[in-house]
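Take a look at the structure set out below.
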Amino acid sequence: MFRILAKEKLTPFITMLKIQAPAIARKAQPGQFVVARVDEVGERFPISLANWDNEEGSITIVVMEVGTSTRKLACLNADDHILNLAGPLGLPAHIDNFGKVVCAGGCYGIGAILPIARALKESGNEIISIIEARSKNLLYWQEPLRQVSDELIMTTGDGSYGYKGWTYDPLKEMLEKGEKVDRVFAHGCNFMMMLCSEITKPFGVKTMVSLNPIMVDGTGMCGVCRVSVGGVTKFACVDGPEFDGHEVDWELLASRRQSYIQEEIRSLEWWECQQWCLTTAKSKEA
Ligand code: FES
């Protein structure tokens with residue numbers, strides 16, 4: 001059992017959890033993830049590490065509520081426990097002194113890009129961080145990112161704050177103006193990572209993305225997380241999650257992620273209905 005030390009609601013659907021997990025904190029590296037199972041009837045699902053503190057023995061994750069399991073996780077509070085947490089899993093991000101690096105983050109990827117930007121900065125790179133959200137109130141962690149970046153560009157889809165558009169818009173502008181970019185790291189939804197990769201491809205800028213297919217064991221045994229990269233089948237949990245975005249078969253990834261969408265919708269409806277019944281029963285008792 002893994003105790004939650006702190007919880008913070010970052011946006012209406014994104015929650016930060018700091019969890020006591022000394023063995024994971026001891027070995028964690030940028031780009032890695034954990035596989036969580038909230039309770040005995042829960043599924044196993046991957047979440048990127050957003051931070052860790054070896055001295056405190058804690059790890060930090062940023063959870064976006066997209067289905068039953070992430071909703072359950074985000075509903076836990078400080079001093080509650082998560083049943084299983086396995087990690088750190090996956091290969092660490094490839095960190096080196098590349099020169100000028102763009103770190104792009106969207107949704108939960110804003111949390112996941114932070115340790116990568118920090119490690120790249122410590123390796124002597126110039127860091128341009130670009131983060132995106134639909135609206136101003138959905139942006140978070142601007143300050144921690146600013147501290148590890150030479151420049152932080154904030155974008156909002158509705159133009160309510162910063163640059164009107166998405167991460168790939170300022171990236172495209174930079175490249176079209178002839179600015180030198182040596183490498184791009186993108187973390188976020190498939191669509192955002194795919195577009196970042198498509199934009200950088202004609203300019204020959206290597207773009208590393210962190211793939212998020214459905215996972216079960218997270219250790220290379222079940223094959224659920226298979227993706228196609230450069231025409232070769234890879235397991236995202238052990239060969240990744242970081243891959244060259246120019247080589248990823250994005251269509252296949254998107255269709256595999258949709259495999260259980262109807263079951264996921266039904267599961268969430270059933271769970272929410274159950275929660276409503278429990279709350280109603282409790283309020284009647286009171
Ligand atoms: Fe099972 Fe990757 S999650 S092989």
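All ligand and atom numbering here is 1-based and tracks the order in the structure.
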Salt-bridge test for [X] and [Y]: reply yes if a basic N is under 4.0 Å from a carboxylate O, no otherwise.
{"X": "K18", "Y": "D53", "result": "no"}
{"X": "R146", "Y": "E151", "result": "no"}
{"X": "K9", "Y": "E65", "result": "yes"}
{"X": "R3", "Y": "D79", "result": "yes"}
{"X": "R37", "Y": "D39", "result": "no"}

Numbered atoms of ligand 1 (with element) below 4.0 Å of [X], judged on heavy atoms:
{"X": "G223", "result": "1 (Fe), 4 (S)"}
{"X": "M215", "result": "3 (S)"}
{"X": "V216", "result": "3 (S)"}
{"X": "C237", "result": "2 (Fe), 3 (S), 4 (S)"}
{"X": "C225", "result": "2 (Fe), 3 (S), 4 (S)"}
{"X": "D217", "result": "1 (Fe), 3 (S), 4 (S)"}
{"X": "G220", "result": "4 (S)"}
{"X": "G218", "result": "1 (Fe), 3 (S)"}

* Would C222 count as a contact for atom 1 (Fe) of ligand 1, in the sense that one of its N, O or S atoms lies under 2.8 Å from it? ->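 Given the 2.8 Å cut-off, C222 counts as a ligand of atom 1 (Fe) of ligand 1.
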* Asked: Under a 4.0 Å heavy-atom limit, does M221 contact ligand 1 with its side chain, its backbone, both, or neither?
  ->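 Just the backbone.
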* To do: State plainly whether one hydrophobic cluster holds both I47 and I19, where clusters connect Ile, Leu, Val, Met, Phe, Trp and Tyr through side-chain heavy atoms under 4.5 angstrom apart.
  =>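 In one cluster with I47: I19, yes.
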* Asked: Can you get from I214 to L211 by hopping between Ile, Leu, Val, Met, Phe, Trp and Tyr side chains that sit under 4.5 Å apart?
  ->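 No.
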